[in-house]
Amino acid sequence: MGGRGFSDRCAPLDVMLMIELNFLFVKSDHSDEAVGVGSSVPADSAVLLTVIAQVGSRDADNLAMRSSYGDSRARRSLTKIRGVTMQDAAEAFVRAKDRIDSEGRSYVSGNWWERFLRKVRGYQPPLRAWSAIHPGKFVMQSLPFSATGFDYNKSQAKYLNPFLIVSGTYNDYSPNPLFTPLSAVEIMDWSDGLATREEKRHLNSPRVYKIGDLPLYVASEGKNRVELFKNAKREMKVLVAEVPYPAASELTLIRSRPFNIYSLCYRGEVRVLPEPGIALPLLQAYGVNLPLSSHVSFKEYLCLRRVRQCIISHQMIN
């Protein structure tokens with residue numbers, strides 16, 4: 001059984017550019033729910049004040065310059081991405097998630113100052129070893145108001161570019177005395193065969209759900225297999241079911257200062273964007289309007305810190 005190949009073109013550099021909002025961004029608790037701006041925030045706001053007090057006058061000046069530079073850079077980047085397609089932005093989103101997992105697995109703890117800054121930004125390593133962030137949890141938090149689920153009765157078999165599928169590689173199928181794995185080609189052929197026969201309720205049938213009208217898919221079953229198709233630059237046949245996502249006209253971007261934090265509002269509910277560098281290009285290509293003004297708030301900083309830490313805490317395990 002032959003697989004279908006495709007051109008492995010990378011998304012434009014403008015899309016891959018991580019928008020630098022502020023180096024003091026931070027992350028969330030271990031709640032399973034998305035943390036909104038309206039949520040109660042912990043009393044650890046002193047963390048930010050402590051950092052500012054201890055940085056010193058020269059570093060404080062540097063911090064102010066960096067904040068101003070990051071603000072202007074964000075505006076320039078957002079101007080550049082207006083011509084980017086949703087598919088380009090979705091590919092960049094998926095590649096960024098893969099890169100985050102790769103860097104997380106290879107992370108080596110630095111000195112006390114580096115560890116402190118990671119805590120302030122919300123990027124503390126998980127309690128257990130980094131395997132891979134659960135794809136569903138990552139999308140729910142990074143792209144607020146995303147839904148999850150898989151309706152077997154509405155699923156259809158389709159070939160997809162694997163770089164549009166948010167996945168997570170965590171199992172080790174290396175040979176050992178008790179296990180001899182199939183070759184990558186054999187596994188991919190077997191996986192495609194399950195989808196072709198539309199064995200919808202088979203335990204191992206590759207299943208993904210599509211986020212509304214966005215060309216973004218999230219692996220529900222076959223999360224490890226997706227990497228094989230990415231490495232082989234081969235389209236993956238999967239069972240696809242769609243989950244709802246708000247129309248662009250119903251979403252509003254909000255920006256807060258002094259940390260230039262972006263949030264997304266839907267029907268009066270506001271949630272921070274923990275990774276704006278990958279979410280903003282996708283939302284902009286989707287048609288969500290850029291914020292026309294900003295407001296001053298420290299609450300979003302604390303919410304951002306909690307949400308980021310929450311994402312990292314959702315590690316997949318064997």
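Both backbone and side-chain heavy atoms feed into the values below; hydrogens, waters and symmetry mates do not.
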Side-chain donor-acceptor pairs under 3.5 Å in residues 208-222, sequence neighbours left out?
residue: Lys210; atom: NZ; partner: Gly212; partner atom: O; Å: 2.6
residue: Lys210; atom: NZ; partner: Leu214; partner atom: O; Å: 3.3
residue: Glu221; atom: OE2; partner: Arg225; partner atom: NH2; Å: 3.4

What's the separation between atom [atom1] in [X] and atom [atom2] in [Y], rounded to the nearest 0.5 Å?
{"X": "Ile165", "Y": "Leu160", "atom1": "CD1", "atom2": "CG", "result": "5.0 Å"}
{"X": "Ile311", "Y": "Lys97", "atom1": "CD1", "atom2": "NZ", "result": "10.5 Å"}
{"X": "Phe229", "Y": "Ile187", "atom1": "CZ", "atom2": "CD1", "result": "9.5 Å"}
{"X": "Ile133", "Y": "Ser142", "atom1": "CD1", "atom2": "OG", "result": "7.5 Å"}
{"X": "Leu304", "Y": "Lys299", "atom1": "CG", "atom2": "NZ", "result": "15.0 Å"}

If you group Ile, Leu, Val, Met, Phe, Trp and Tyr by side-chain heavy-atom gaps below 4.5 Å, do [X] and [Y] land in one group?
{"X": "Trp190", "Y": "Val238", "result": "yes"}
{"X": "Leu194", "Y": "Leu239", "result": "no"}
{"X": "Phe259", "Y": "Leu117", "result": "yes"}

Do the side chains of [Y] and [X] get nearer than 4.5 Å, heavy atoms only?
{"X": "Cys265", "Y": "Leu251", "result": "no"}
{"X": "Phe150", "Y": "Thr148", "result": "no"}
{"X": "Arg121", "Y": "Lys119", "result": "no"}
{"X": "Pro125", "Y": "Tyr107", "result": "yes"}
{"X": "Glu91", "Y": "Val94", "result": "no"}

Test: [X] and [Y] ion pair at under 4.0 Å:
{"X": "Arg207", "Y": "Asp151", "result": "no"}
{"X": "Glu250", "Y": "Arg267", "result": "yes"}
{"X": "Glu103", "Y": "Arg105", "result": "no"}
{"X": "Asp192", "Y": "Arg234", "result": "yes"}

Discussion item. For Cys310, is there any backbone N or O sitting under 3.5 Å from a side-chain donor or acceptor partner on Ser313?
Written reply: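 Between the backbone of Cys310 and the side chain of Ser313 there is a qualifying donor-acceptor contact (under 3.5 Å).
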Fill in: Sidechain-backbone polar pair: Glu186 side chain, Ser183 backbone, donor-acceptor under 3.5 Å
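Indeed, once roles are kept as given, a pair shorter than 3.5 Å links the two residues.
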Discussion item. Hydrogens and angles aside, do Ser167 and Lys230 bring a side-chain donor and acceptor to less than 3.5 Å of each other?
Written reply: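 Distance-only check passes for Ser167 and Lys230.
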Worksheet item: Would Glu227 and Thr169 count as having a side-chain donor-acceptor pair, cut-off 3.5 Å?
Response: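 A pair is found: one side chain offers a donor N or O, the other an acceptor, under 3.5 Å apart.
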Discussion item. Does the plane of the ring in Phe116 sit parallel, tilted or perpendicular to the ring in Trp112? Use 30° and 60° as the thresholds.
Written reply: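 Phe116 and Trp112: tilted rings.
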Worksheet entry | Check: Phe138 ring centroid to Phe93 ring centroid under 6.0 Å |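 That pair passes the under 6.0 Å test.
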